[in-house]
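What follows is a single structure, written as structure tokens, with notes after it.
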Amino acid sequence: MTTFGGRWIVFQQRVPGQDNFELSFNGSFTEYQTGFGTVGKDSEFWLGLEALHQITSSGDYELVVELKDEYEKYGYARYSKFHVAGVDDKYRLIVGGYSGTASDALSQQNKAQFSTYDSDNDNSRWNCAKDTWSGGWWYNKCDDESAPNFQIGPFWPNFTGYYGTYTRMMIRHK
């Protein structure tokens with residue numbers, strides 16, 4: 001990975017196949033914990049929450065999220081601070097220091113625990129991953145469109161107003 005100076009670990013990627021997106025991101029807590037999909041340049045995958053926790057526990061990490069909308073407009077969101085807590089804290093997200101050309105769609109999710117359809121850990125009276133967004137994420141609240149969603153498009157709030165055709169999330173040691 002040479003983007004943004006290289007040395008990145010890609011942990012999430014959505015790319016359309018022949019029939020649009022082929023991998024469902026509406027997985028269980030265990031699936032998100034262990035990871036799913038096939039890691040590769042042109043494939044879709046989620047590396048796993050436990051892997052993210054183990055990696056980010058070893059020092060200071062930063063995050064870049066790359067996006068393309070359906071008209072091939074490119075944008076990115078970069079965060080100078082990224083950490084994922086362990087399973088006992090439901091893989092709580094710690095993120096900060098936004099810069100970029102896409103919107104800051106993670107600051108509102110800072111300190112949120114990870115939720116899936118079978119493990120409701122968000123700060124809403126609904127299960128965001130089941131009742132509103134149909135996919136796992138660090139949801140704070142689900143009664144607005146402030147959270148990204150990679151199952152339905154993907155969708156990154158306030159990026160271009162269109163669903164995406166590509167996302168890649170990657171971290172590196174600072």
### 4.5 Å side-chain heavy-atom contact, Ser57 and His83
yes
### Query
Any sub-3.5 Å donor-acceptor pair from Ser119's side-chain atoms to Phe29's backbone N or O?
no
#### Entry: Minimal non-hydrogen separation, Asp122 against Ser115, with atom names
N-OG, 3.0 Å
### Message
With a 4.5 Å cut-off on side-chain heavy atoms, are Phe36 and Phe25 touching?
### Response
yes
#### Entry: CA sep, side-chain torsions, deciding dist, call: Arg172, Arg7, side chain to side chain contact (heavy atoms under 4.5 Å, CB included)
CA-CA 6 Å; Arg172 77 173 170 194; Arg7 300 183 347 261; 4.2 Å; yes
### Query
Backbone N or O of Ile55 within a donor-acceptor pair of the Ser58 side chain at under 3.5 Å?
yes
#### Entry: Student check: side-chain heavy atoms of Ile94 and Phe82 closer than 4.5 Å
no
### Query
In terms of side-chain geometry, is the basic nitrogen of Glu62 or Lys174 positioned less than 4.0 Å from the acidic oxygen of its partner?
no
#### Entry: Minimum heavy-atom distance Asn26-Gly135, with the two atoms named
OD1-N, 3.7 Å
### Task
Report the distance from atom CG of Asn140 to atom CD of Gln108, rounding to the nearest 0.5 Å.
7.5 Å
### Query
Taking the six-membered ring of Tyr74, is the NZ or CZ of Lys68 close enough (under 6.0 Å from the centre) and on axis enough (within 45°)?
no
### Where Trp138 and Arg92 come nearest, the two heavy atoms and their spacing
NE1-C, 4.2 Å
### Query
For the residue pair Trp46 and Phe114, does the interplanar ring angle fall in the parallel (under 30°), tilted (30 to 60°) or perpendicular (over 60°) class?
tilted
### Distance-only side-chain donor-acceptor flag, Ser107 / Asn110, under 3.5 Å
no
## Note on the structure
Correct closest heavy-atom pair for Leu23 and Gly37 would be CD2-CA, 3.7 Å
### Task
Search all heavy atoms of Thr167 against all heavy atoms of Leu67 and return the closest pair with its distance.
CG2-CD2, 3.4 Å
#### Entry: Close side-chain approach of Arg168 and Thr3, heavy atoms under 4.5 Å
yes
### Task
Indicate the atoms forming the closest heavy-atom contact of Tyr139 with Ala112, along with that distance.
O-CB, 3.6 Å
### Message
Tell me if a side-chain donor or acceptor on Asp89 pairs with a main-chain N or O of Tyr91 at a distance below 3.5 Å.
### Response
no
#### Entry: Atom CG of Asn123: over 12 foreign heavy atoms under 6.0 Å
yes
### Message
Is the shortest side-chain heavy-atom distance between Phe45 and Gln12 below 4.5 Å?
### Response
no
### Query
Say you draw a straight line from CH2 of Trp8 to OH of Tyr61; how long is it, rounded to the nearest 0.5 Å?
11.0 Å
#### Entry: Listed partners of Ser28 passing side-chain contact (heavy atoms from CB on, under 4.5 Å), at least two apart
Thr30, Glu31, Tyr117, Asp118
### Summary
To the nearest 0.5 Å, atom CE of Met169 lies from atom CD of Glu66 at 11.5 Å
### Message
Side chains of Tyr166 and Glu72 only: does a donor on one sit below 3.5 Å from an acceptor on the other?
### Response
no
### Query
Does a side-chain heavy-atom distance below 4.5 Å link Ile171 with Leu52?
yes
### Query
Quick one: are Ile9 and Leu47 in side-chain contact, heavy atoms under 4.5 Å?
yes
### Task
Could you give me the CA-CA distance, side-chain angles and deciding distance for Tyr98 and Tyr79, then say whether ring pair (Phe, Tyr, Trp, His ring centres under 6.0 Å) is met?
CA-CA 5 Å; Tyr98 164 81; Tyr79 296 86; 5.6 Å; yes
### Query
Sub-3.5 Å donor-acceptor pair from the side chain of Thr101 to the main-chain atoms of Tyr76, do we have one?
yes
### Message
Less than 4.5 Å apart, side chain to side chain, heavy atoms only: is that true for Asp120 and Trp126?
### Response
no
